[in-house]
Amino acid sequence: MKREKDISKIIGRHIMVASTDEEKEELKRWRSNEKNEIEYQRLKKLIQHRYFKKNEEADSVPINDFFNRARLTQSKKRTLNWWKVAASVAIILSVGSMISDYFYLFDNTQIELVADSGQRTEAVLPDGTRVWLNNSSKLVYEQHFGRQRNVQLDGEAFFQVAEDVTSPFAVETGGMEVRVTGTQFNVKNYSNDKSVEVALEEGAVKVRSDVGEKISLEPGDFLTMSKETFQFVKQRGDVRNSSAWRDGEMVFNNEDFDNLITRLERWYDIRIDYRQEDFNGIHYSGTIRNLRLDQVFEFVNLTVPIEVEMKPNHIVLHKQKSNK
């Protein structure tokens with residue numbers, strides 16, 4: 001049973017152009033059996049027809065470590081109806097583990113792309129739009145876009161929108177809507193954030209709040225909107241810092257300690273406890289790139305001396321007491 005599940009995952013990665021050289025060799029040996037080759041071709045045809053028929057580009061774009069770094073699920077408000085789709089496809093019965101783990105087929109068109117804590121992922125939407133999803137984030141979208149290309153974001157994502165002037169692309173998140181026809185921009189809105197952020201790298205976007213306020217952005221514009229007041233604040237700057245996470249970097253610009261810890265918890269998928277009053281008024285600037293968590297704490301220690309206490313399931317930070 002385990003062997004069947006393993007080969008199912010390898011088939012899935014191979015179809016999504018994300019398999020390793022070792023997996024390609026293993027799949028090649030498995031496909032040398034005539035019966036296995038027939039099953040492989042039927043499964044490949046099913047997935048490509050079901051998910052990528054409308055967009056040939058999506059068939060050829062790799063999704064890096066897709067099955068390790070993201071998961072597709074049904075909307076919680078919808079009812080899974082697996083067998084309506086799968087009953088007529090005999091191949092699903094023999095390699096259904098891959099489908100049940102990674103592709104949920106259901107009787108509606110709403111899909112959720114999820115990057116869990118400590119994970120980041122890249123994917124291609126049905127219209128050819130490429131999206132990078134940061135850790136602890138979720139993107140909900142329709143399997144087949146119509147006249148409107150609407151997605152809902154909870155967390156952080158960078159969009160490289162496929163141009164289509166007849167079908168605007170809209171990101172709905174945190175009390176605002178970001179609307180474009182083709183551009184590159186970053187949106188950040190975690191549920192516990194006090195504001196929503198939009199950083200525009202290329203093209204143009206129009207932003208509208210739920211209370212009707214509107215604003216237009218040009219490349220180099222950085223917008224924040226308070227979730228409490230819906231007030232816009234637009235600034236100019238190096239907006240590439242906002243999407244540096246795609247390259248494995250965290251950039252801090254006068255970040256307060258609370259925000260620093262929140263970002264570290266998401267990035268490293270670990271809970272970090274500390275006495276908030278001990279770190280009031282402390283801010284950080286700099287870049288963290290490919291560092292282990294203990295190295296990050298060395299970076300923190302440069303600003304304020306800390307002691308790190310390792311617990312079974314979390315970390316506790318203590319501010320070192322003065323010797324005076």
Between K227 and N189, a side-chain donor and acceptor under 3.5 Å: yes
Connected via hydrophobic side-chain network under 4.5 Å: V308 and I282: yes
Heavy-atom neighbours of R236 CZ exceed 12 at 6.0 Å: yes
R179 side, atom CZ; F169 side, atom CZ - distance, nearest 0.5 Å: 11.0 Å
Nearest heavy-atom neighbours spanning S285 and F299: O-CZ, 4.1 Å
Full working for side-chain contact (heavy atoms from CB on, under 4.5 Å) between M250 and T287: CA-CA 6 Å; M250 280 193 292; T287 300; over 6 Å; no
In one Ile/Leu/Val/Met/Phe/Trp/Tyr side-chain cluster, 4.5 Å: F297, M310: yes
CD/Q231: more than 12 non-hydrogen atoms of other groups inside 6.0 Å: no
D221 side chain reached by L223 side chain, heavy atoms, under 4.5 Å: no
Distance in Å, N313 CG paired with K311 NZ, rounded so as to fall on 0.5 Å steps: 11.0 Å
Side chains of I270 and L293 in contact at under 4.5 Å (non-hydrogen atoms): yes
Contact summary for F252 and R263, nearest pair of heavy atoms: CD2-NH1, 3.5 Å
Close side-chain approach of I315 and Y274, heavy atoms under 4.5 Å: no
Salt bridge (Lys or Arg N to Asp or Glu O under 4.0 Å) between E156 and R266, intermediate numbers included: CA-CA 11 Å; E156 183 169 18; R266 293 170 183 157; over 6 Å; no
Side-chain donor or acceptor of R149 paired with backbone N/O of T181 under 3.5 Å: yes
Worked verdict on D269 versus D116 for side-chain contact (heavy atoms from CB on, under 4.5 Å): CA-CA 9 Å; D269 189 21; D116 290 322; over 6 Å; no
Stepwise side-chain hydrogen bond (donor to acceptor under 3.5 Å, both in side chains) test for E197 and S242: CA-CA 9 Å; E197 301 175 359; S242 297; 5.6 Å; no
More than 12 heavy atoms of other groups within 6.0 Å of E34 CD: no
Same apolar cluster (I L V M F W Y, side chains within < 4.5 Å links), L153/F158: no
Value rounded to 0.5 Å, distance of CD in E309 from CG in L317: 10.0 Å
Derivation of the side-chain contact (heavy atoms from CB on, under 4.5 Å) call for V207 and L217: CA-CA 8 Å; V207 181; L217 303 183; 4.2 Å; yes
Test side-chain contact (heavy atoms from CB on, under 4.5 Å) applied to N135 and W245, Y190, Y268, the passing residue: Y190
Closest heavy-atom pair and its distance - G248, R120: CA-NH2, 4.1 Å
Atom pair CG/CZ of L264 and R271 - distance to nearest 0.5 Å: 15.0 Å
Side chain N186, main chain S243, donor-acceptor under 3.5 Å: no
Rounded distance [0.5 Å steps], CD1 in I261 versus CD1 in I272: 4.5 Å
Neighbour count above 12 (heavy atom, 6.0 Å) for K206 NZ: no
Interatomic spacing from CE in M225 to CZ in R208 - rounded to 0.5 Å: 11.0 Å
Closest heavy-atom pair and its distance - Q295, N290: OE1-O, 4.4 Å
Check: P168 and Q148 side chains under 4.5 Å, non-hydrogen atoms: yes
Hphob cluster co-occupancy, L302 + F279, side-chain heavy atoms under 4.5 angstrom: no
Donor-acceptor contact below 3.5 Å, side chain K234 vs main chain S216: yes
Stepwise side-chain contact (heavy atoms from CB on, under 4.5 Å) test for V151 and L125: CA-CA 10 Å; V151 302; L125 302 187; 4.2 Å; yes
The single option from F159, W132, F222 passing ring-ring contact (aromatic ring centres under 6.0 Å, His included) against F185: F159
Main-chain N/O of D258 paired to D256 side chain as donor or acceptor, under 3.5 Å: yes
Taking every non-hydrogen atom, the tightest pair across L260 and E255: N-CG, 3.9 Å
Close side-chain approach of F257 and V300, heavy atoms under 4.5 Å: yes
Nearest atoms (heavy-atom pairs only) where M176 meets F232: CE-CE2, 4.1 Å
Hphob cluster co-occupancy, V239 + V161, side-chain heavy atoms under 4.5 angstrom: no
Exceeds 12 heavy-atom contacts within 6.0 angstrom, atom CG of N253: no
